[in-house]
Every structure is written in structure tokens, then in C-alpha cells.
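Here the structure is laid out as C-alpha cells; the discussion comes afterwards.
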Amino acid sequence: MEHEVFVPVPAERLREVLDDPARVARAVPGLQQDAGAEPVAGRLKIRVGSHSVTYRGAVRVSRRDDGTYAVQGEAEESRGSGSVELTLRIALREAEGGCTVAYDGTASAAGRIKDLPAEAVEGAVTRLLNRFAEHLAAAATGERDDTNDERAGAGAGAQPAPEPGLTEEPPAPERPSAFGSDRPSPSYGRADEGEDDDDEEDIAEAAHARRTMIGRSAEEVDHAPPRGRYAPVPAPQTVTPPAPLRWAAPAAALALASAIVAVRALRRRR
């Protein structure tokens, strides 16, 4: 496998990134690093056409005497028995306006990816290498921009010494105070106390009414009887007087009749 990518970054800046394993791990597109593992170790999902395969493994990057970089990697499928072994060489060649990243190496695979079309696999690997080179360039450019920003900030912070007599700051404007305004001060007399009592009573009544309405549960509201025109008509009730009251009326009538008879008898004797 051979592939080349041009990036608008000097080769020396890319070498600084490749010499740092932590920055190399951040440059691998889609790598989910494992906590406590090697710098370039974790899970990587590769999309091949309409399929995706997730691998878990590690990659080691070392610099050679000739200035190239050797990449050794092994990975296994997260859901399966497949595996991949990678041997890659990365060379950086100076070019006008940047440098060329040249890849060449070999790879062996077993499992799901071996059953996929060769053209789709080659396209996925090429896309992965292109994005890796772009991320390396972004990491190198970002570090350089941050360094320039820090230097610019340091230069801006170094200001010449102020001249004598110009170090005093202008006095801050005074905030308006309620004591200096024309607003009359509140007076607390008998009338105000009475108004406060009335307000407190109104507030207490409103709070009681609100508690009464809010305190009703949903079951009470759902099972409450309907009101208005749809309210049920109560059934007529027959009132039966108690036993003592039932004999009171005949007794009173008998006493009244006896009194009338007695009065008539007395009149006849006279």
C-alpha cells in the first residue's frame, strides 16, 4: 500500500507532533482512548461502504535514524474473532508551501473486513490516512497559533511606565442616594398600621382560599359530583315524625274536646 498527502505545514512542525504519542493519539480520527492504557490505544470504528467494523487495539510510532517513522499496530474486533495487523512507514518530504506525507506499508486482516469488497476497503483506508494527515497538520498549526497568541499577549501586556502625575484614575461617579433625593421619607403612624392590618387580613384570606383550591387532590376533582344543569336531582324523602310526636296531636284534640264539654255543662247548670 502506498499513498501520499500534501499538507500546508512545514515538515519540522509535523515531526514535533509525531514525536509526541499523546498528540498522535488525538490526531487519529475517531479513536476512543482507553483510560490507563498506552497513549495510542483504544477503540476505532472504521466504516467500509454501508458496513462498520469496530476494533480495539494499540499502535506504536517510533522515529528512525533516517528521519522516517515506523508504525506498528495490532487490533481485534470488538464483536467478533477478526483481527488486523499493520506495518507502516511514514516519510515527510519538503515541498513548496508545505510538505508531503508519504505512506507505504502492508496490512493483514481476518474476519468481517476480509469479506467486504477490496475497493471499499481501500477507499476506507485512504480516507483514514488523509484525515490522519489533516489532523497532524491541524495539531501543528494550532500549537503554533497558540504560541504566537501568547507572545502577542505578552507584548501587549508590557506597557511603558506612566508619566508622573498621570497615574491617578478619575473619580468614579457617585451613585444616587435615597437620602439626598426629594422623595419624602415614609412615616409609620396609626393610619398606616391600620392599613397594614387590613392588607395582612386580605392576604391571609387569599392564601386560605388558594390553599383550599390547591389542596384538593385529583381524585376529589375527578369524583366530585357535577354541578349546574347536569347536577343529579335528589330523590324525595319521606319525613316520619318520631313516636312521642305522633301521639301528641290526638291527646291535644281530646283535651280540647273535654274542655268544651265541661264548659257547656257548667253553663246549663246556671
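As a basis for the values below, the full set of heavy atoms in this structure was taken, side chains included, without hydrogen atoms, waters or symmetry mates. No experiment lies behind these values; they were computed from the predicted model shown.
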### Query
Are Gln72 and Val59 close enough, and set up right, to give a side chain to side chain contact (heavy atoms under 4.5 Å, CB included), and what steps lead you there?
CA-CA 6 Å; Gln72 298 287 336; Val59 175; over 6 Å; no
Indicate yes or no: at least one non-hydrogen side-chain atom of Ile90 is less than 4.5 angstrom from one of Phe132.
yes
All heavy atoms of Ala137 vs all of Val9, minimum pair found to be CB-CG2, 3.6 Å
Exercise. Considering residues, nucleotides and ligands other than Glu2, do more than 12 of their heavy atoms fall under 6.0 Å from its CD?
Worked result: no
Taking every heavy atom of Glu77 against every heavy atom of Tyr55, the minimum-distance pair comes out as CG-CE2, 3.6 Å
**Item:** Basic-acidic side-chain contact under 4.0 Å: Arg93, Glu4
**Value:** yes
Residues pairing under salt bridge (charged side-chain N to carboxylate O under 4.0 Å, His left out) where one sits in residues 52-63, two or more places apart or in two chains, turn out to be Asp19-Arg63, Asp34-Arg56, Arg60-Glu74
* Asked: Is Arg127 reaching over with its side chain to a backbone N or O of Arg47, donor-acceptor style, under 3.5 angstrom?
  -> yes
Donor-acceptor pairs under 3.5 Å, side chain of residues 97-104 to any protein atom, not counting sequence neighbours: which ones?
from   : atom 1 : to     : atom 2 : distance (Å)
Tyr103 : OH     : Leu129 : O      : 3.2
Asp104 : OD1    : Arg89  : NE     : 3.3
Asp104 : OD1    : Arg89  : NH2    : 3.1

Value for CG (Leu116) from NE2 (His51), rounded to nearest 0.5 Å, stands at 5.5 Å
Minimal heavy-atom distance between Ala124 and Val48, with the atoms involved, is CB-CG2, 3.9 Å
Item to check | Steps toward side chain to side chain contact (heavy atoms under 4.5 Å, CB included) verdict (Asn130, His3) | outcome: CA-CA 9 Å; Asn130 291 341; His3 185 63; 2.6 Å; yes
- Any donor and acceptor pair, going by atom type alone, linking the side chain of Ser258 with main-chain N or O of Leu254 inside 3.5 Å? yes
OG1 (Thr106) and CG (Leu86) are apart, to the nearest 0.5 Å, by 7.5 Å
- Item | Same cluster (ILVMFWY, side-chain, under 4.5 Å), Tyr69 and Phe6 | no
Checklist entry - Between Val125 and Met1, is any pair of side-chain heavy atoms under 4.5 Å apart? => result yes
In terms of heavy-atom contacts, Ser52 and Arg112 come closest through O-NH2, 3.4 Å
In terms of heavy-atom contacts, Val121 and Ile113 come closest through CG2-O, 3.9 Å
Side chain proximity check, Leu44 to Thr54, heavy atoms < 4.5 angstrom:
no
Taking every heavy atom of Arg13 against every heavy atom of Ala140, the minimum-distance pair comes out as NH2-O, 3.5 Å
